[in-house]
Student: 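Structure below; questions to follow.
Reckoned from all heavy atoms, side chains included, excluding hydrogens, waters and symmetry mates. Chain naming here is simple, since letters A, B, ... match the order of the sequence lines and numbering starts at 1 in each. The structure displayed is predicted, hence computed values, not measured ones.
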Amino acid sequence: MCATGPVGGLRHTPGVIGCRCEIAPPTLLLAVAEAGDPDVRDAALRTLLTSAALRSRRATLGPTLRRLGLSPADLAFLPAEATAAGPENTVYDVAGGEEAALPGRRVRGTTDPPSGDAAVDEAFDGAAETAAFYREVFGRDSIDGRGLDLVSSVHFGRRYDNAFWTGDQMVYGDGGGGVFVAGGLTRALDVVAHELTHGVVQFSAGLQYRGQSGALNESFSDVFGVLVAQRAAGTDAASASWLVGEGTLEPSLGRALRSMIAPGTAYAGDDQPADMDSYADLPVDDDPRNDNGGVHINSGIPNRAFAEAARALGGNAWETVGPVWYEVLTGGRLSRVADFEDCAALTVAVAGERYGGGSAEQDAVRGGWEEVRVRLRADPR
Amino acid sequence: MKVTVVRSGGVAGMVLTVEVDAAELDADAAAQLRGLVDACEFGDGPPSVIADGFGYEVAVERDDGTVERSRFGQGGAPPGAGALASWVIDGPHGHRSAGR
């Protein structure tokens, strides 16, 4: 079949776009798309993107899409690629390489047995667990809601102390560079799920990664990161630690990356505020110390609002407050430049829609935001 | 000559500062550092466009007091700046501190 809708970044050129999607090999089309003049490039790219052969592995095209100024979101016009078995789950070994070497050598696919490489197998299991969480709890089909393949690359860089979502795939360093313990980044399911949730945010509310919207982006990733881990472990809200990345840091630094219930207490030097009275009003500039306006700092405030609401209700947080936060994130009402008050108002409204006005759930959500001193606007309705 | 690298962000969201003073290095390490500084194009690169990407600042204070600086996001280092940052952060010569 052929694409007829608009593709971000591509000019519509009637008559140039052909429908013989299976004739030219993808590698040739890629070369043409990168080297051709604008009309040829458009035609090659459209043919490429509508190719059935590539439709099933569009996530692995990440580096090429980036070179062309596109992202997987630009392929949203393609039919959903879900199967009953869920998305493909593939892990690559980038063997110390960095961005230019992604994704690396394929080492484990969906139906393959464990590889014996702990990082590979943990990345595989973490991606599968996270996708299962979104599918079974919220009926979401993979990261984009449309069956996007799960692609992970491990052994990024040398003793690299980070894990991240590139916009189309997961990447894990080995740790051991002075911040994370070796192997800690793939071992922690909540860290894996945090990063994959950045993908969910990208394909839903698309919260801008700066200031309060950026802190909300970080907070949604922490919220669903810990919910994936709590569900996998069968931990309810009362007994959960509400720590993110517990045991991943070098012990001399501290016990976890963040505490959702007691922000600012996870490690020595943790400067997350626990409420708006301690809000860090940092500029959005190119100084790395300012963290894009405090996205990893002020996220402690909405994190605690969630944890307080979940604790107040008891039970399994992924079944009580989790669905409220999920509806806010994915329901189309949260602006990409939303601030804390916007998010608070929506969570209270959604809790009322889901559980009833004045319900224990709505009271708990409202109480969570009151605990962190985020102002709740009067309901305009 | 002192070289200071600040790295922020990442999934940890921590600010790490690592400083190397050429006067404290042996001759080989000092020569390596000078070579990396000489090969570094100072100026700013693009910020990271990915959530939890690192942000960097590399600052070189020469013995005459002049300072050159580069800021960039993960994957966006100007030529030479990434190699210099890695040498300082990952090598054994730096004084490390955490915090903003």
Student: Under the side chain to side chain contact (heavy atoms under 4.5 Å, CB included) rule, what do A:Arg258 and B:Val11 come out as? Steps first, then yes or no, please.
Tutor: CA-CA 10 Å; A:Arg258 287 177 282 282; B:Val11 63; 4.3 Å; yes

Student: Considering heavy atoms only, which positions within residues 66-86 of chain B lie below 4.5 Å of chain A?
Tutor: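 Residues in range: B:Arg71, B:Gln74, B:Gly75.
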
Student: Give the intermediate values and the outcome of side chain to side chain contact (heavy atoms under 4.5 Å, CB included) for residues A:His296 and B:Asp52.
Tutor: CA-CA 9 Å; A:His296 291 92; B:Asp52 288 337; 2.7 Å; yes

Student: Heavy-atom distances under 4.5 Å only: say whether A:Gln272 touches chain B with side chain, backbone, both or neither.
Tutor: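 The answer is neither part of A:Gln272.
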
Student: Quick check: under 4.5 Å, non-hydrogen atoms only, which of residues 37-51 of chain B neighbour chain A?
Tutor: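 Only B:Asp44, B:Ile50, B:Ala51 of residues 37-51 of chain B have a heavy atom under 4.5 Å from chain A.
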
Student: Just give me the residue among A:Asp291, A:Asn217, A:Asp271, A:Asn292 that pairs up with chain B most often, heavy atom to heavy atom, under 4.5 Å.
Tutor: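 The residue among A:Asp291, A:Asn217, A:Asp271, A:Asn292 with the greatest pair count is A:Asp271.
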
Student: For each of A:Ile297, A:Leu257, A:Asp286, tally heavy-atom pairs with chain B at distances under 4.5 Å, and name the one with the top tally.
Tutor: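 Looking at each of A:Ile297, A:Leu257, A:Asp286 in turn, A:Asp286 comes out on top.
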
Student: As an exercise, state the distance from OG of B:Ser8 to CG of A:Asn290, rounded to the nearest 0.5 Å.
Tutor: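 Reported value, rounded in 0.5 Å steps: 8.5 Å.
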
Student: For the ring pair (Phe, Tyr, Trp, His ring centres under 6.0 Å) test, which of A:Phe164, A:Phe156, A:Tyr160 pairs with B:Phe54?
Tutor: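 By the ring pair (Phe, Tyr, Trp, His ring centres under 6.0 Å) criterion, B:Phe54 pairs with just one of A:Phe164, A:Phe156, A:Tyr160: A:Tyr160.
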
Student: Looking at side-chain heavy atoms only, is the closest gap between A:Arg289 and B:Thr17 below 4.5 Å?
Tutor: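 Sidechains of B:Thr17 and A:Arg289: no contact.
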
Student: Just to be sure I understand the criterion: a residue of residues 205-212 of chain A counts if one of its heavy atoms is under 4.5 Å from a heavy atom of chain B. Which ones qualify?
Tutor: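 Near chain B, by residue number: A:Tyr209.
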
Student: If you tally heavy-atom pairs under 4.5 Å against chain A, which of B:Gly55, B:Gly53, B:Gly13, B:Ala98 wins?
Tutor: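 Highest number of heavy-atom pairs under 4.5 Å: B:Gly13.
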
Student: Anything under 3.5 Å between a donor and an acceptor, one on a side chain of residues 174-193 of chain A, the other on a protein residue two or more places apart or in another chain? List them.
Tutor:
from     : atom 1 : to       : atom 2 : distance (Å)
A:Asp174 : OD1    : A:His155 : ND1    : 2.7
A:Asp174 : OD2    : A:His155 : ND1    : 3.4
A:Thr186 : OG1    : A:Glu122 : OE1    : 2.8
A:Asp190 : OD2    : A:Gly245 : N      : 2.9

Student: Identify which part of A:Asp222 has an atom lying under 4.5 Å from any heavy atom of chain B, answering side chain, backbone, both or neither.
Tutor: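 For A:Asp222, neither part sits under 4.5 Å from chain B.
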
Student: Evaluate B:Arg7 against A:Asp161 for side chain to side chain contact (heavy atoms under 4.5 Å, CB included), listing each step before the verdict.
Tutor: CA-CA 11 Å; B:Arg7 187 186 73 190; A:Asp161 270 334; 4.0 Å; yes

